[in-house]
Amino acid sequence: MKELHEKIVQDGKVLSEEVLKVDSFLNHQIDPPLMQAIGKEFAERFKEDGVTKVLTIESSGIAPSMMCGLLLEVPVIFARKRKSLTMSDHLYTAGVYSFTKKETNDISVSKDFLKKGDKVLLIDDFLANGQAVLGLLDIIEQAEAELVGVGIVIEKGFQPGGDLIRDKGIRVESLAIIESLQNGKVVLTENRDE
Ligand code: G4P
Ligand code: NA
Ligand code: NA
């Protein structure tokens, strides 16, 4: 997606060989027209799939999800992050392992909002190790809902999440794929033939 690629190249800050900072348009300050374009692109790619719910995880997944839900005319649910959960039989809960923090944290979604028969589009801001997507998949299975596919704003192609999810036969649509962050430079996969 050209608009997003340009934004990443212009405003993204390479913090290390593994981390790209995009605080100016996605993770802290949010660029509404860009989010609208991103939502439109996801909606376009999944418009024939009968999506009934968009599911994401707080906080940075919410903005792009919201714009997609607006266009697909379906509700947007964000999984909540919780450090410790009091036992609740009214929540679907899954653990998400963080490789950076080396700890597992729970995410949860109310049973009121995700139901058997729902056709779910998962959206997230980043795909790195894929652990957040796995947690959301677990919740979709608990709800006996159906996964339609995964929409990612920025995939880090050099980390294992993309293969992990695609190897399960899941459709992953990433609007930008970072091939490398070496030498302080962002290399985007599709830039090669643009
Ligand atoms: P990990 O080990 O799988 O990388 O998981 P970890 O919990 O350490 O980090 C996950 C958080 O880091 C997620 O945001 C994810 O979107 C974000 N992330 C992963 N790689 C990058 C990157 O290269 N750049 C940026 N900017 N973020 C990255 P989160 O903690 O859930 O935060 P938020 O959604 O509230 O913003
Ligand atoms: Na994030
Ligand atoms: Na996120």
Side-chain angles (χ1 to χ4, degrees), residues 1 4-5 7-32 34-35 38-39 42 53-69 76-85 93-109 120-140 147 149-168 170 172-189 191:
M1 191 189 161
L4 173 64
H5 285 196
K7 195 74 171 176
I8 290 170
V9 170
Q10 280 164 23
D11 294 354
K13 304 267 182 290
V14 179
L15 289 195
S16 69
E17 290 193 348
E18 300 208 323
V19 179
L20 178 73
K21 187 167 177 169
V22 289
D23 266 17
S24 69
F25 62 92
L26 184 59
N27 290 143
H28 192 13
Q29 174 172 265
I30 296 172
D31 181 329
L34 181 63
M35 291 307 123
I38 285 168
F42 284 139
K53 299 278 166 68
V54 173
L55 177 63
T56 188
I57 184 164
E58 65 177 342
S59 55
S60 299
I62 296 175
S65 297
M66 175 70 192
M67 291 301 183
C68 179
V76 175
I77 306 166
F78 61 94
R80 291 179 176 272
K81 296 172 182 169
R82 307 202 174 197
K83 287 216 167 57
S84 69
L85 272 178
T93 298
V96 175
Y97 181 71
S98 166
F99 284 92
T100 348
K101 294 175 201 140
K102 298 198 168 48
E103 61 184 27
T104 299
N105 289 297
D106 285 340
I107 58 169
S108 61
V109 171
V120 182
L121 170 59
L122 282 189
I123 288 183
D124 209 355
D125 57 337
F126 270 92
L127 178 57
N129 289 297
Q131 300 301 304
V133 171
L134 289 184
L136 292 167
L137 284 178
D138 186 340
I139 283 175
I140 290 170
L147 176 72
V150 178
I152 297 293
V153 181
I154 303 174
E155 174 177 344
K156 292 194 287 183
F158 55 88
Q159 291 191 322
D163 285 345
L164 187 73
I165 305 305
R166 290 186 181 93
D167 286 351
K168 293 179 182 294
I170 293 169
V172 180
E173 295 282 346
S174 297
L175 304 188
I177 300 179
I178 298 174
E179 193 168 297
S180 110
L181 294 173
Q182 281 168 9
N183 309 312
K185 195 175 170 297
V186 185
V187 179
L188 292 163
T189 296
N191 270 7

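Atoms within each ligand, like the ligands themselves, are counted from 1 in listed order. Computed from a predicted model, the values in this text were never measured in an experiment.
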Ranking Thr104, Asn129, Val14, Ile57 by closest non-hydrogen atom to atom 3 (O) of ligand 1, top hit is Asn129

Contact check, Glu18 vs ligand 1, heavy-atom distance below 4.0 Å
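Yes.
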
I'd like to know if Lys156 contacts ligand 1, where contact means a heavy-atom distance under 4.0 Å to any ligand atom.
yes

How close do [X] and [Y] get, heavy atom to heavy atom, and via which atoms?
X      : Y      : result
Lys102 : Tyr97  : CA-OH, 3.4 Å
Lys168 : Leu134 : CE-CD2, 3.5 Å
Ser60  : Asp125 : CB-OD2, 2.9 Å
Gly61  : Thr56  : CA-OG1, 3.2 Å

Looking at the Na ion (ligand 3), which N/O/S atom of Asp125 is the nearest one?
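Atom name returned: OD1.
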
Check whether [X] reaches the backbone of [Y] with its side chain - one donor and one acceptor, N or O, closer than 3.5 Å.
X      : Y      : answer
Lys81  : Asn105 : no
His5   : Leu175 : yes
Ser174 : Ile177 : no

Compute the shortest N/O to N/O distance between [X] and ligand 1 and return yes if it is under 3.5 Å, no if not.
X     : result
Leu20 : yes
Asn27 : yes
Ser98 : yes
Ser60 : yes

Give the atom numbers and elements of ligand 1 that come within less than 4.0 Å of a heavy atom of Ser59.
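Heavy-atom distances to Ser59 below 4.0 Å select 33 (P), 34 (O), 35 (O), 36 (O).
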
Go through ligand 1 atom by atom and flag the ones less than 4.0 Å from a non-hydrogen atom of Asp125.
16 (O)

When you measure from the Na ion (ligand 3) to the N, O or S atoms of Asp124, does any of those distances fall below 3.0 Å?
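So Asp124 does bind the Na ion (ligand 3) by this criterion.
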
side-chain contact (heavy atoms from CB on, under 4.5 Å) partner of Val54, chosen from Leu122, Ile62, Val76:
Val76

